[in-house]
Amino acid sequence: MFHLYDNEKKMQIICIANQKGGAGKTTLTYNVGCMLGDEFNKRVLMVDVDGQANLTTTLDFDPDELSKPVSALLTRKDAVTKDYVVSTKFRNVDLIPSTQSTFAAEKEILNVVGREFVLSRALDQVRDDYDVVLIDIPPNLGVVSLNALIASNGVVLVYTASEFALDGLSQILAAIDEIQDNSHININKLKILGFVQNRFKSSNKVVNSKIKNILEGVPDVQNYFTAISDTTEIEKSQFDHLPMHLFNRNHKVVDQFRQLVKELLVCLA
Ligand SMILES: Nc1ncnc2c1ncn2[C@@H]1O[C@H](COP(=O)(O)OP(=O)(O)OP(=O)(O)O)[C@@H](O)[C@H]1O
Ligand SMILES: [Mg+2]
């Protein structure tokens with residue numbers, strides 16, 4: 001098992017990543033985050049750095065009505081992080097929300113001195129306030145996603161049983177490798193915590209085993225978290241703006257999310 005820290009307990013910053021759109025980054029961030037807060041009593045901060053603002057919307061905020069989105073936090077000198085945090089309707093869960101302006105911030109950040117570290121610096125300000133931070137990234141590897149990876153201590157790689165999602169993984173693995181190889185950039189000692197398969201269908205045996213063979217070739221990463229099944233209940237829960245454990249608590253994916261959260265907490269212990 002991986003241990004992020006040997007000494008004192010620290011705020012853990014996690015990014016659930018895949019460069020491919022639709023792999024389930026936002027779905028997992030939302031369900032894992034809400035469960036960590038509600039059932040595991042962890043103080044959770046979710047950070048939406050995707051201009052699509054899916055996480056923000058799912059958490060019941062209207063991006064058009066937000067006056068302090070993450071884009072301003074990332075681009076304004078001397079921004080006070082706490083001013084950009086909103087509390088959600090879920091127990092122990094706060095959010096730094098996103099709006100479409102995050103797309104434009106991508107360019108603005110390029111002019112900031114120390115542009116790779118703006119999110120890391122912003123999160124440093126709230127180190128004592130949270131146990132876990134979950135960052136939801138867009139499906140690209142621009143400067144905002146790189147900021148998210150550089151700010152993180154751990155990354156969970158999510159994939160689905162499709163060749164495209166695997167391509168997305170290989171690109172993000174290359175970016176992680178580059179960060180890890182550069183000690184000036186790797187200020188938070190980014191570790192890959194493991195893989196999680198989303199939209200799992202046990203009937204898809206041939207593809208599932210081919211994928212596992214490919215992933216087994218990834219050096220140093222042999223940790224597989226509990227897979228999350230494919231179910232329309234997840235889509236329905238998102239329409240109702242509820243995480244699965246509050247939408248349909250007896251559904252099997254709730255047990256899978258709970259197991260995934262427990263495994264994550266072991267990694268973070
Ligand atoms: N396990 C699942 N079963 C069924 N549907 C799912 C599952 N996981 C995610 N989905 C659905 O797939 C779609 C894409 O998921 P999601 O938005 O979480 O992906 P993403 O990686 O965040 O995408 P993007 O890269 O565009 O941000 C959503 O409509 C979501 O409801
Ligand atoms: Mg998303």
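Start at 1 and go down the list; that is how both ligands and their atoms are numbered.
- Nearby protein atoms of type N, O or S around the Mg ion (ligand 2) amount to 1 (distance under 2.8 Å).
- Closest to atom 26 (O) of ligand 1 among all protein heavy atoms lies Q52 NE2, 3.2 Å.
- When only modelled atom types and interatomic distance are considered, S98 and D50 share no side-chain donor-acceptor pair under 3.5 Å.
- Neither the backbone nor the side chain of T232 has a heavy atom within less than 4.0 Å of ligand 1.
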**Request:** Go through the steps to decide whether I13 and I135 satisfy the test side chain to side chain contact (heavy atoms under 4.5 Å, CB included), and finish with yes or no.
**Result:** CA-CA 8 Å; I13 306 178; I135 310 173; 3.6 Å; yes
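- When only modelled atom types and interatomic distance are considered, D38 and N92 share no side-chain donor-acceptor pair under 3.5 Å.
- Between the side chain of E263 and the main chain of T226, a donor-acceptor pair closer than 3.5 Å is present.
- Each of the following atoms of ligand 1 lies closer than 4.0 Å to a heavy atom of D50: 27 (O).
- Side-chain N or O atoms of N198 include none that pairs as donor or acceptor with a backbone N or O of Y159 at under 3.5 Å.
- Panel note: side chain Y130, backbone Q12; no donor-acceptor pair is recorded below 3.5 Å.
- Nearest protein heavy-atom contact of atom 29 (O) of ligand 1 is E235 OE2, 3.9 Å.
- Between atom CG of residue D131 and atom CG of residue L45 there is a gap of 11.0 Å, rounded to the nearest 0.5 Å.
- The closest protein non-hydrogen atom to atom 15 (O) of ligand 1 is T27 OG1, 3.6 Å.
- For the side chain to side chain donor-acceptor pair (under 3.5 Å) test, residues two or more places apart in sequence or in another chain that qualify with Q125 are T81.
- Among all protein heavy atoms, the one lying closest to atom 8 (N) of ligand 1 is N198 ND2, 2.9 Å.
- Regarding atom 4 (C) of ligand 1, its nearest protein heavy-atom neighbour is T231 O, 3.0 Å.
- Of all protein heavy atoms, the one closest to atom 25 (O) of ligand 1 is K25 NZ, 2.6 Å.
- Residue-level proximity to ligand 1 for R199 is carried by backbone and side chain together, each with a heavy atom below 4.0 angstrom.
- Counting heavy atoms of neighbouring residues, nucleotides and ligands inside a 6.0 Å radius, atom CD of E178 does not exceed 12 of them.
- Without hydrogens or angle criteria, S229 side chain to T231 main chain gives no donor-acceptor distance under 3.5 Å.
- Note: no N/O pair closer than 3.5 Å links N54 and ligand 1 by distance alone.
- Remark: R258 pairs with E39, D255 by the side chain to side chain donor-acceptor pair (under 3.5 Å) rule, at least two apart or across chains.
- An N or O contact shorter than 3.5 Å is missing between I234 and ligand 1 by distance.
- For Q259, the CD atom is densely surrounded, since the number of other residues' heavy atoms within 6.0 Å is greater than 12.
- For the 3.5 Å distance criterion, the side chains of Q180 and N186 fail to qualify, holding no donor opposite an acceptor.
- For the pair G24 and ligand 1, the shortest N or O to N or O distance falls below 3.5 Å.
- Every pair passing side chain to side chain donor-acceptor pair (under 3.5 Å) that includes a residue from residues 64-78 is listed here, sequence neighbours excluded: S71-S101.
- Residue-level proximity to ligand 1 for N18 is absent, since no heavy atom of it falls below 4.0 angstrom.
- The protein non-hydrogen atom at the shortest distance from atom 30 (C) of ligand 1 is Q238 OE1, 3.4 Å.
- In this structure, the protein non-hydrogen atom closest to atom 23 (O) of ligand 1 is G22 N, 2.8 Å.
- The proximity of S229 to ligand 1, defined as any non-hydrogen pair under 4.0 Å, is limited to the backbone.
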